2 protein chains.
Amino acid sequence: MLKEERHQTILSEVELHNRILLTDIAEALDVSIDTVRRDVKELDADNKLRKVHGGAISLGFRSNNTRNDNIYKLDHKIKIAEKALGLLKDGGVIFVDGGTTCLELARLIPTNLDLTCFTHSLPVAMELLTKSKITVILVGGQVSRESQSAIGANAIHNLSEIRVDYSFIGTGYVDSYYGLTEFDWDIVQVKKAIIKSSKKSVLLSISEKLNSQHRYKTCDINAINTMITELEPENDLLKPFRNHDIRLI
Amino acid sequence: MLKEERHQTILSEVELHNRILLTDIAEALDVSIDTVRRDVKELDADNKLRKVHGGAISLGFRSNNTRNDNIYKLDHKIKIAEKALGLLKDGGVIFVDGGTTCLELARLIPTNLDLTCFTHSLPVAMELLTKSKITVILVGGQVSRESQSAIGANAIHNLSEIRVDYSFIGTGYVDSYYGLTEFDWDIVQVKKAIIKSSKKSVLLSISEKLNSQHRYKTCDINAINTMITELEPENDLLKPFRNHDIRLI
DNA sequence: AAATTTATTGCCTACATTTGCATGACTTTA
DNA sequence: TAAAGTCATGCAAATGTAGGCAATAAATTT
């Protein structure tokens, strides 16, 4: 049996069933497990499949990456996300909201961090799945086309049954007096539920959103424990927020 | 024995068996292994075959077995998905399982069809979101990295609270006697829950999976109402399934 | 036709690759 | 946390490879 033949067989098995065990292949091909392991390692290096503990899985449907490369004020959002990383620690349980800033946070989480992450956002979930040490738990419900996240009564109910250390949330509008407001009523309901289910809520917002407001209110500024912007905490733009019981980073 | 003769013999042997060992050819032609090695090296340089360690492989064999696209047997899966579309009608409530075949179904659903789709698969949900008339409802739970879909107790619980007209499911392995089997225990639990929560279950499977089995059992063949393969329903390969109360499309 | 050149072949040797096994480290599971 | 399973590593045996060399065969020149 030539090596090339084994490779072909392994590939078709993996494409056929999405997943295979090294031991099964070894038995089927009548070679040692070590040989199969080495074969699979090579195929993985060639990007023909993905090796996992004890077996291999097809690349197949794990290729659609949600990369949107013209995110507004991406540099600011990255800066915010980097600051937010400082709040994360091994073993933590967090909730990550939807939106581009939170997605950036998800993207920047180090792969060696051991976290349990809840989210109702599909893109965030996809991103978090790429980090091997993160347990991703999806909050289900009707999915909003716009936000690509679960909303509605079911999502809110599901949220009511969890309690996380930190929630990282975004908002459409934020103002020191009017608090967090949104354009969309359904989104507001979900965000309320998220805040309710977290011990501490962290708002991620670019400074451009400061001092703006809209129709529906998510919560008062006091309901937020920490606000992260791309600005230095001492920046004058943040002055109105210093009267509140809120940590600025 | 002329060199040209040897070349012809080697080529026809390779075409016939898809692969050859240098040692076999040397013996068959009664020349030294070195000569064969040199011959094969030349044929490789002329792109008549591909030399590998210890032997040679037909070019055809290679191109037949490497996947031409991202998805294995995509043409078959499209054919299956197209047949499945025939079961959908406006106002329907369906469940779409994960896996490449079901993803293909999601992809092919017409944009003007008015459906409510449940799914526990992230890629399927993403795909369905692109169709404006479809209501997408995500079944939440812990997300499996491999399958990119929600699994576990929470997902199963969520499934227990819904009831759909049709569920479209995939399987790792299917056999007329052993029924639907899988490699992964957690996946089996979810599939069981899916079947339980549907009035009718439709299995989408390429014929290559027929007559194969694995460790954990999802259900008997009888639990499936309709099985769709890329084959004509009259095809002999489907014969073993005709003894069962199952519709073949 | 003889001499010379060129190509082919088999053999040899040193080197490279492949494979299975042993060991200890690491992961997963119960 | 312990047991079972999986993994990386090094090793040795078997096998495959490349290149040099000489004998032979074929082609070419003289």
Side-chain angles (χ1 to χ4, degrees), chain A residues 1-11 13-14 19-46 48-57 90-91 111-116 129 131-137, chain B residues 1-11 13-14 17 19-46 48-57 142-147 151-153 182-190 214-216:
Chain A
M1 167 77 71
L2 293 169
K3 188 160 97 166
E4 187 68 23
E5 290 182 89
R6 287 199 314 271
H7 283 199
Q8 297 296 345
T9 309
I10 293 171
L11 272 182
E13 277 299 299
V14 111
R19 186 177 172 181
I20 51 165
L21 282 181
L22 298 190
T23 49
D24 285 354
I25 289 288
E27 198 181 337
L29 296 178
D30 196 28
V31 291
S32 79
I33 185 90
D34 304 73
T35 302
V36 174
R37 201 189 311 290
R38 278 186 275 240
D39 284 341
V40 166
K41 206 194 251 174
E42 281 177 41
L43 290 167
D44 181 297
D46 288 354
K48 299 280 180 53
L49 48 69
R50 165 119 179 269
K51 186 180 180 327
V52 295
H53 192 93
I57 55 181
D90 262 333
T111 45
N112 60 349
L113 201 57
D114 182 4
L115 284 177
T116 300
L129 278 179
K131 327 266 177 179
S132 60
K133 298 197 73 176
I134 293 186
T135 302
V136 184
I137 299 170
Chain B
M1 167 80 63
L2 263 60
K3 189 157 103 169
E4 190 57 27
E5 285 183 80
R6 288 200 314 272
H7 282 201
Q8 287 306 327
T9 311
I10 293 173
L11 273 181
E13 279 297 300
V14 163
H17 298 116
R19 58 127 229 201
I20 49 164
L21 298 181
L22 299 190
T23 51
D24 287 353
I25 288 290
E27 197 179 339
L29 297 178
D30 196 27
V31 290
S32 78
I33 185 90
D34 305 72
T35 302
V36 174
R37 200 189 311 291
R38 278 187 275 242
D39 285 341
V40 167
K41 208 192 247 174
E42 282 178 40
L43 290 167
D44 179 291
D46 289 354
K48 299 280 178 50
L49 47 68
R50 204 165 83 89
K51 186 181 181 325
V52 296
H53 192 97
I57 296 230
Q142 180 165 345
V143 183
S144 141
R145 217 171 298 283
E146 280 154 35
S147 64
I151 60 170
E182 293 285 339
F183 171 95
D184 186 316
W185 194 82
D186 287 316
I187 297 284
V188 162
Q189 306 314 310
V190 175
H214 216 283
R215 190 157 312 168
Y216 303 114

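Each chain gets a letter, A, B and so on, in the order its sequence line appears, and its residues count up from 1. Every value quoted in this text rests on a predicted model; they were computed, and no experiment measured them. Below, all heavy atoms of this structure are taken into account, side chains as well, without hydrogens, waters or symmetry copies.
The nearest whole Å value for the distance from the CG atom in A/Asp39 to the C1' atom in C/dT18 is 10 Å. Per the geometry, NZ belonging to A/Lys51 stands 10 Å off P belonging to D/dT6, to the nearest Å. In this structure, B/Glu4 places its CD atom 16 Å from C1' of D/dA26, rounding to the nearest Å. Spacing between atom CZ of B/Arg37 and atom C1' of D/dG16 amounts to 6 Å, rounded to whole angstrom units. Straight-line distance from the CD atom of A/Glu5 to the P atom of C/dT19: 11 Å, rounded to whole Å. B/Trp185 places its CH2 atom 12 Å from the P atom of C/dT29, with the value rounded to the nearest Å. Computed from coordinates, the B/Arg6 CZ to C/dG10 P distance equals 7 Å when rounded to whole Å. Atom CE in A/Met1 sits roughly 18 Å away from atom C1' in D/dG16 (whole-Å rounding).
In this structure, B/Asp39 and B/Ile25 have side chains that are not in contact, with every pair of non-hydrogen atoms separated by 4.5 Å or more. The side-chain heavy atoms of B/Glu42 and B/Lys48, taken from C-beta on, include no pair separated by under 4.5 Å.
Residue A/Ile33 is out of contact with every strand shown, counting any heavy-atom pair closer than 4.0 Å. Residue-level contact check: A/Val52 touches the backbone only, with heavy atoms under 4.0 Å from sugar-phosphate atoms and none from bases.
Looking at which nucleotide of DNA chain D each of B/Lys41 and A/Gly54 is closest to, the 5′-most match is held by A/Gly54. Both A/Arg38 and B/His53 lie close to DNA chain C; mapped to their nearest nucleotides by heavy-atom distance, the more 5′-ward contact belongs to B/His53.
B/Gln189 places no side-chain N or O within donor-acceptor distance of the main-chain N or O of B/Asp186, the cut-off being under 3.5 Å.
Salt bridge annotation for A/Glu4-B/Arg19: absent, with no cationic side-chain nitrogen under 4.0 angstrom from a carboxylate oxygen.
The phosphate of C/dT19 has neither OP1 nor OP2 within less than 4.0 Å of any side-chain N or O from A/Lys3.
Defined by atom type and a distance below 3.5 Å, a donor-acceptor pair is missing between the side-chain atoms of A/Asp46 and A/His7.
No donor-acceptor contact under 3.5 Å links the side chain of A/Asp34 to the base of D/dC7.
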